[in-house]
**Q** 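For reference, the structure I am asking about is given below.
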Amino acid sequence: MALLSPLLRPAPLFLVATLLRLVLLVYGLWQDAHSALKYTDIDYLVFTDAARFLAAGESPYARDTYRYTPLLAWMMLPTVHFAAFGKLVFAAADLLAGWLMVRVLRRRGMAETTAGGFAALWLWNPMVATISTRGSSEGLLGVLTMGLLWAVERRRISLAAVILGLAVHFKIYPFIYAPAIVWWMDAERLGKTVKQEKTPSVIESLVRFVTPERIKLAIISLATFMGLNLLMYSIYGTPFLVHTYFHHVSRIDHRHNFSPYNTLLYLTSAIPSASTLRIESLAFLPQLLLSCILIPLILAKRDLATSMMAQTFAFVTFNKVCTSQYFLWYMVFLPMYLPYSSLLRNPKLGISALLLWVVSQAAWLQQGYQLEFLGISTFFPGLWLASLGFFLVNCWILGIIISDGAQITRSKAIEEKQHVE
Amino acid sequence: MRERITFVHEDPTFDPDTLDLQEAGLLGPQIETTRQNRLTFNLDELPQELADLLKGFDALHVRWASPLRYATLDPFSARLSPGLHLSYTPSQSHGNDSTDDPSVPPSFYFYQGLEDLHSFVASSTQDFCPELDSICQARIRSLYAAASLDLSFDAASNTLQINALWPLRAQTITAPASDERRIEVGIFVKNTPPTIKPHELGLAGVVTVLSDKKQPSPTIFTFPSRHRHIDAEFTSKFLTPTGLHPTLQLNLSSNQPPDNDAECSPFAYLTLPKAIFADRYGLADELFLASKNLTASRYTSLPVDLEAPAYTTDSWGSRVLLELAAPASNEDQPWTAEVPLHLRYLEPSSTGEIEVEVPYPAVFWACSSDIEDLSNPFDRVHLGFDELFDKKTVFWHVTPQPASGKRLMSPVTVPVLNDQGADWIGLGTAAAVVLGFAWVFWKLVGATVQSASQPSPKPSKAVEKKE
């Protein structure tokens, strides 16, 4: 770490991160030009095709499987003439997310190189850099969620509200952050002294809950979200709603993926009478209960970043469909959470968690490979057990994150105390 | 109603004098020959029900090709993927509510694998033949040996034409007479007179009309031909392991174009049942295509859903026209082209596998020509692929050969969910989700209790907790 610390100052930190992405980008261009096996992600072809339709005056939804907001296709318009443009945007989004991480960590009083070290988990992460340079748009979500956290912690409520509305318009799932932010931003937090002489009544609590800031956040974020939707609907009509939103309700997710529900969904989509226990139709209950209500209620006021990390982790783990790109959604919060995590303080626990996460994922991938490429029917029991195993490992890790989050106020207090001493 | 029976053979020893024209019909020797029967009906000669049905169409083509390997001769060289093909254009006057461009009538296509004509023969002998008419029954039953059967209705000519082709094999030359209809019989051998043009085929032989009761008269004629036979073969099979993204490999015996004076390209025209499909977006990259010896995907019938499982896919499947890239070499050599395909998820089975058969594609060289009219008395049009080319295109058909056995179908095993585990999957998934949720919930409760009992920071306690 000591050896690395000169590299963790802002300039070298971002230089290395930029170089890593440029090298991957150029390598990708070379591989695409010389090999039949492509570096570029299939999704990138979807965006760029959609941009081409757009440039030709057509709807981006003319491209099959374009399931995104038209904003993305607008953003990709320059790819019509300069194909790598989108990858540059995604890579830049990665870097911006990293910069925001450093800002958030520095505000917590962390030393420059320590903050750089944690941000390097994201900035120098080969998985993150590969995903964005292959042309996957998940990096945009990283910068939006990190921007949301940064804006909230800086108390820039209007900006946070706009980012929240935009992020939900972009990918729906960031709506889970709304309850956490709302719960977090009580009057005390926003620097207003509240006289608390006796325990307030229910009505008093409710009145006190409805602060001007909360109303502002709700109105601006809703206005942003609905404004964007109305704008897109007025231009692209029903296909916009169908492909961007309704598709996620009607899709049956029968293809194999990491979700614990995937085998069951395949079974019940083909033979509706096969399972008497229709647990998959209630899948949203544990998912939303954890990610929208329980976790924010218990963690948000202690540490907003850890709450958002745990919420995202719960949302992805309990989702009806789960692919490795979704892991990026919570990985962006790792640098915020790890400094206060027992996974770092207790290396044995940390390594066990990492190993279990990797091994259970590898077991699934091995079964998936046998199915996808060798044509061996591993759906049951191999793939099914592997996805349940991965799910349980994720639940165990989620438990650790929650316990850590519950202790953070105290840890922070210790640090502050030590700082005084 | 008219009937035309055509034999085309290669037997130089065949002597027309051995033909015997009797009251019962024409009788001849057994020779190695192909045979085509054509029945032509005017609409008013058909049963009222059938005529009314046909009036609903501008065009209707029902075609069946046998999955069994067969040999044929020019001019019967056109090939289709084995199975039942149906294409039709509903009558414009029949009040369809098409909102598309009215100048282009909508046409529809349907395909289904069909091993043989047993059920067609069974229902036809009942529906069409008078009960004791053994000749009628025998003639319909002879379809068991046919290689292909076409039923074509065209509103422009207002006729229904039925063509059956029997492949090149030893068969007796017979043509039963009838008082009901005019029956014309021709027996030909390929003939190449010195004056023949490159785009023409020539036949020589004898022709007779059964009711005329005259001995067959010698005939010689040449005609342009849209469909030609090229002396080359191909096989089609899936590369193993097939996985969920199988590759169909076409092995062609020759890379030499049939006509050096014309612009020619090899093509594969695939008819894919819905269990399998080609991703037209995946067939766009030139490097990728070149690595598979493909030039481009020229046509895909739409819509083709790229994600849905077979059991929620409404359409029958898809048709794809691929231009192949033959190695450019003056030396005759065999070569392969590979077609990347994708399997849909199929319904669970008790074995965890389902075997799907994909019909052989039609493989041909398409050559440009400057002949305005390539039609002839043996022509076949509206085969599905010919509409995708210029009208002046000549198709040189490559003969399909089975990769093993004698069928022109490529089997592929699709891994599916083993339904033996159905009960376990429901219970086990529920148990895992409940367990996982309970664990997280327990941790949340722990976190709440902790914070309730320790309102103020107590560093020493926090350290103890961890250990």
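As the structure is a computational prediction, the values presented were derived from the model and not from experiment. Because only heavy atoms are used, hydrogens play no part in the values below, and waters and symmetry mates are left out as well, while side chains stay in.
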**Q** Looking only at the side chains, is there a donor atom on one of Ser269(A) and Tyr311(B) sitting less than 3.5 Å from an acceptor on the other?
**A**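 Indeed, the side chains of Ser269(A) and Tyr311(B) share at least one donor-acceptor pair under 3.5 Å.
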
**Q** Against chain B, label Ala33(A) side chain, backbone, both or neither, depending on which of its atoms sit under 4.5 Å from a heavy atom there.
**A**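 Only the backbone of Ala33(A) comes within 4.5 Å of chain B.
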
**Q** Whether the side chain of Tyr266(A) engages the backbone of Val416(B) through a donor-acceptor N/O pair (distance < 3.5 Å, no angle test) should be reported.
**A**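 No.
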
**Q** In terms of heavy-atom proximity below 4.5 Å to chain A, should Leu289(B) be classed as side chain, backbone, both, or neither?
**A**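 For Leu289(B), there is no contact with chain A at all, as no heavy atom is under 4.5 Å.
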
**Q** I'd like to check Tyr261(A) versus Val433(B) (side-chain heavy atoms, cut-off strictly below 4.5 Å). Are they in contact?
**A**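 They are in contact (side-chain heavy atoms under 4.5 Å apart), so the answer is yes.
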
**Q** Taking every heavy-atom pair that is under 4.5 Å apart, which of Ala290(B), Ala431(B), Gly352(B), Pro303(B) has the most such pairs with chain A?
**A**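 Ranked by contacts with chain A, first place is Gly352(B).
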
**Q** Measuring heavy-atom distances to chain B, does Thr263(A) have an atom under 4.5 Å in its side chain, in its backbone, in both, or in neither?
**A**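 Contact with chain B: backbone and side chain both.
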
**Q** Measuring heavy-atom distances to chain A, does Val414(B) have an atom under 4.5 Å in its side chain, in its backbone, in both, or in neither?
**A**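 Contact with chain A: none, neither part.
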
**Q** What's the spacing between Ile293(A) CD1 and Leu444(B) CG if we round to 0.5 Å?
**A**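 Between atom CD1 of Ile293(A) and atom CG of Leu444(B) there are 12.0 Å.
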
**Q** From Leu417(B) CG over to Ile271(A) CD1, what is the distance, rounded to the nearest 0.5 angstrom?
**A**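 So the gap between those two atoms works out to 7.5 Å.
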
**Q** Can you tell me how far NE2 of His245(B) sits from CZ of Phe373(A), rounded to the nearest 0.5 angstrom?
**A**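 These two atoms lie 5.5 Å from each other.
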
**Q** Please report the closest heavy-atom contact between Arg302(A) and Ala447(B), naming both atoms and the distance.
**A**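 The answer is NH2-O, 4.5 Å.
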
**Q** Would a line drawn from the ring center of Phe437(B) to the ring center of Phe391(A) be shorter than 6.0 Å?
**A**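 That pair fails the under 6.0 Å test.
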
**Q** What part of Ala308(B) is in contact with chain A, defined as an atom under 4.5 angstrom from a non-hydrogen atom: side chain, backbone, both or neither?
**A**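 It is the backbone, since no side chain atom gets that close.
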
**Q** Shorter than 4.5 Å, heavy atoms on both sides: which option in Trp442(B), Phe288(B), Trp439(B), Phe441(B) has the most such pairs with chain A?
**A**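 Result: the option with the highest number of such pairs is Trp439(B).
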
**Q** With a 4.5 angstrom heavy-atom cut-off, could you sort out which part of Glu307(B) is near chain A: side chain, backbone, both or neither?
**A**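 Both parts, backbone and side chain.
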
